[in-house]
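The next block holds one structure in the form of C-alpha cells; read it before the comments.
Numbers for residues simply follow the sequence, beginning at 1.
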Amino acid sequence: MAKVRDLLKFKKQKKNEPISFAEHLERAKERRRKSLPNKPAEVMRLDQLRRLMGDTGPRQFLKDKGNRCK
C-alpha cells in the first residue's frame, strides 16, 4: 500500500508538459461528445410545470384550514 509521503513525491515528479492548442481542442471536443444526452427534452404541459415549481392551486395539500386538527 502506498503511503502519503510516496504519493506526494510521485506527484512532485510528475511534470506538466505543455500541449498544443489543437491537441487541447481535440480533448475538449471528445469530452463534450461524451457528455451530450442521447434523448430529446421532454415536453411538459403548463399545469405540470406549475406543479413542478410548487404551485398546487387554490387547495394545497395539508394547508387548508379544513384539514387542520383543532
Linking Ile, Leu, Val, Met, Phe, Trp and Tyr through side-chain heavy atoms less than 4.5 Å apart, which residues share a cluster with [X]?
X     : result
Leu46 : none
Val43 : none
Leu25 : Phe21

Under the side chain to side chain contact (heavy atoms under 4.5 Å, CB included) test, residues paired with Ile19 that sit two or more places apart: Glu23, His24, Arg27
Side chain to side chain contact (heavy atoms under 4.5 Å, CB included) involving Leu8 - partner list, sequence neighbours excluded: Val4
Rounded distance (nearest 0.5 Å) linking atom CD of Glu42 with atom CE of Met44: 7.5 Å
Which residues share a salt bridge (charged side-chain N to carboxylate O under 4.0 Å, His left out) with Arg45, sequence neighbours left out: Asp47
